[in-house]
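First up is the structure itself, then whatever we jot down about it.
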There are 2 protein chains.
Amino acid sequence: MDDVETRELRYFVAVAEELHFGRAAARLGIAQPPLSRAIHRLERRLGVRLLDRDRRGAVLTAAGEVLLREARAALDAVAAAVRRTRRAGNPDRPLVLVTKAGASHELLRRLLDAQAGEPGAAPVEVLLCEVGEQAHRLRDGQADVALMHRPYDDLAGFDTVDLHVESQVAIVPAAHPLAAHDRLTLAEVSHVPDLPIARWPRLDGTYPEGPGPEVRTQSQLAQLVALGKTLLVIPASSRAWQWPEHVAVPVVDAPEVTTVLAWPPGGYSPALASLVRSAAGLRDTPRPLPAEDPRPGSPGAPAVSR
Amino acid sequence: MDDVETRELRYFVAVAEELHFGRAAARLGIAQPPLSRAIHRLERRLGVRLLDRDRRGAVLTAAGEVLLREARAALDAVAAAVRRTRRAGNPDRPLVLVTKAGASHELLRRLLDAQAGEPGAAPVEVLLCEVGEQAHRLRDGQADVALMHRPYDDLAGFDTVDLHVESQVAIVPAAHPLAAHDRLTLAEVSHVPDLPIARWPRLDGTYPEGPGPEVRTQSQLAQLVALGKTLLVIPASSRAWQWPEHVAVPVVDAPEVTTVLAWPPGGYSPALASLVRSAAGLRDTPRPLPAEDPRPGSPGAPAVSR
DNA sequence: TACGCTGATACCCGGCGGGTATCACGGCTT
DNA sequence: AAGCCGTGATACCCGCCGGGTATCAGCGTA
């Protein structure tokens, strides 16, 4: 009586996102009448009205809002089941590690080196994604493990190993008066009138209100800093930002950022276990001496070049 | 091409649990041939062999193990979507709070009192469950919010508010020499030869190996302590254990237990928000003076009666 | 060797998902 | 004011697929 099929959830999500039966049907590749029927049947089964049909489209009811959120999560879980099962059936599957582009690449390289040194190490494939997308990739099974940053990323629902703790720096335009400081506080960088904080899109693609410029990628943001339009506060090791027009100034009271290795709980493949072991070994030497690691800007060495 | 329906996942879970097509079909209320067909189709779609068919049943492949775990999670998510949507459509729905029977009942009463005092408070329905079941009830939508205990319960994937921190006591038979101590250490209670720790069933109903008695409910455990067969270490406020044949002795080096209110992230109904507010108010007075709270054994007052 | 138990196969039927054609209704335009 | 357009709803048909029964095929065992 109350077994809902994933097809019905996919249909509902399409309608809830488009708020228009015709467009949703086109997106799904079916005609509009069967879609209307399916949504009606879903409403009848749940005993709940999900959409208020209007002459120019439809709007979600409160219950519809709930189902939209829950259905997305459920569909993610189903997609994850499929992806993970497929990979589990593939004997020489690589481990997929997802991380933000441009962040922690030194640490990532050390992790990959350490893992490659392990005997019988599984190959690791690196998948780069947009800011904040790692959790989603992990949840829907596109990746096995992620590099994430506390407190920035939402770590709820994942097992984690802390890899590295570091302080944060403000990246400001070299020509700006703030660049002359050798240390700053959060208060000093929070509301600089001519350097408003950039705004990132929400999950639905819209932007929050505010004075700052709208950005969608990290390189846009880097460019905006170089142009003197904005500033940002990031972990000290994110050296990708270090353009000639940038200056990094330590922010003394910004919360420390912890780089963590995160993975969905319960899924202990041998390959993942091996990577976690490598990561734990890395953690034991969080601050390598320069002699041990001659690369400049190595994570753990919070030296900020100005 | 790769859209898997929940029906197929339910079918697979049944087969994977029974390891026998005939019994699984009977449990599902269908005949065996369609079930075989469905599993074959699922294997073909995933491109992965899930079961090794044997003459006397079937055994899971590695990929099958993965899918069993993932499919259970996915089906939980779908069930949660249905349940939460149904409740969201019901205007005067009560908030369902799930907790372990016998634990934290004083704190729970204070929470319910505080919530009832709120203007326009939503009714709260209390659901009692077995040890360790709260997370599952929360995940599959049978409950909106849970009282759980760190570090005992798995809080991964939930938002939480800490309510109360307390130390732990050992509950030992009154006739046992350990009862004469006025304080104990973990080392002293860990491997007492004549009081082996009881064993709880795993999720699949089997018991881990060990010398301790097998228990399934808390009252069985209480009875076994009274009979001098075992001991246990629990938070000081779990007064349900306090039988005449029991003696509670503080365990000085046991980790502190934090009672937390936990709920699935993202689901902010007004009723839930109101309860979380009540809980946060409670947290601000974690150790009420006796004058403020004349009830004996109130949580926060770690007085241990012997 | 025959029986029994397992899952696989063959075949049929009915329901349901999907398609096209059309309706009902309200807002907009002229 | 009247017609048109765009919305979702309804009516009806068809083909596929899920489910049923009957039966087969392999292997262990009595």
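Source: prediction; values computed, not measured.
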Inset, instruction - Could you go through the salt bridge (Lys or Arg N to Asp or Glu O under 4.0 Å) check for A:Arg87 and A:Asp144 one step at a time? - result: CA-CA 10 Å; A:Arg87 270 218 300 282; A:Asp144 302 294; 2.5 Å; yes

Inset, instruction - Output the residues of residues 15-34 of chain A in contact with DNA chain C, where contact means a heavy atom of the residue under 4.0 Å from an atom of the strand; sort by number or write none. - result: A:Gly29, A:Ile30, A:Ala31, A:Pro33, A:Pro34

Inset, instruction - Check whether the side chains of B:Gln115 and B:Ser274 place a donor and an acceptor atom closer than 3.5 Å, and report yes or no. - result: yes

Inset, instruction - Let me know the distance between CD of A:Glu43 and C1' of D:dG8, rounded to the nearest Å. - result: 12 Å

Legend entry - Electrostatic pair B:Arg7-A:Glu8, nearest N-O below 4.0 angstrom: no

Inset, instruction - Measure from the side-chain N and O atoms of A:Thr61 to the backbone N and O of A:Arg49, and report whether any donor-acceptor pair falls under 3.5 Å. - result: yes

Legend entry - Main-chain N/O of A:Val4 paired to B:Thr6 side chain as donor or acceptor, under 3.5 Å: yes

Inset, instruction - Whole angstrom is fine here: how far is it from CZ in B:Arg44 over to C1' in D:dC17? - result: 12 Å

Inset, instruction - Go through A:Glu5 and A:Arg45 one step at a time and tell me if the salt bridge (Lys or Arg N to Asp or Glu O under 4.0 Å) criterion holds. - result: CA-CA 11 Å; A:Glu5 295 300 326; A:Arg45 278 218 207 124; over 6 Å; no

Inset, instruction - Look at the side chain of B:Arg7 and the base of D:dG18, then say whether one donor and one acceptor between them are separated by less than 3.5 Å. - result: no

Inset, instruction - Determine whether the side chains of B:Ser36 and B:Gln32 contain a donor N or O and an acceptor N or O closer than 3.5 Å. - result: yes

Legend entry - Boundaries of the DNA chain C segment in contact with chain B, non-hydrogen, under 4.0 Å: C:dT6 to C:dC11

Legend entry - Phosphate OP1/OP2 of D:dG18: any B:Arg41 side-chain N/O under 4.0 Å: yes

Inset, instruction - Calculate the interatomic distance between A:Leu42 atom CG and D:dG8 atom P; express it in whole Å. - result: 17 Å

Inset, instruction - Using whole Å, report how far CD of B:Glu5 lies from P of D:dG19. - result: 12 Å

Inset, instruction - Give the minimum heavy-atom separation between A:Thr230 and A:Pro213, together with the two atoms involved. - result: CB-CG, 4.2 Å

Legend entry - Length of the CD1-P vector between B:Ile39 and D:dG18, whole Å: 12 Å

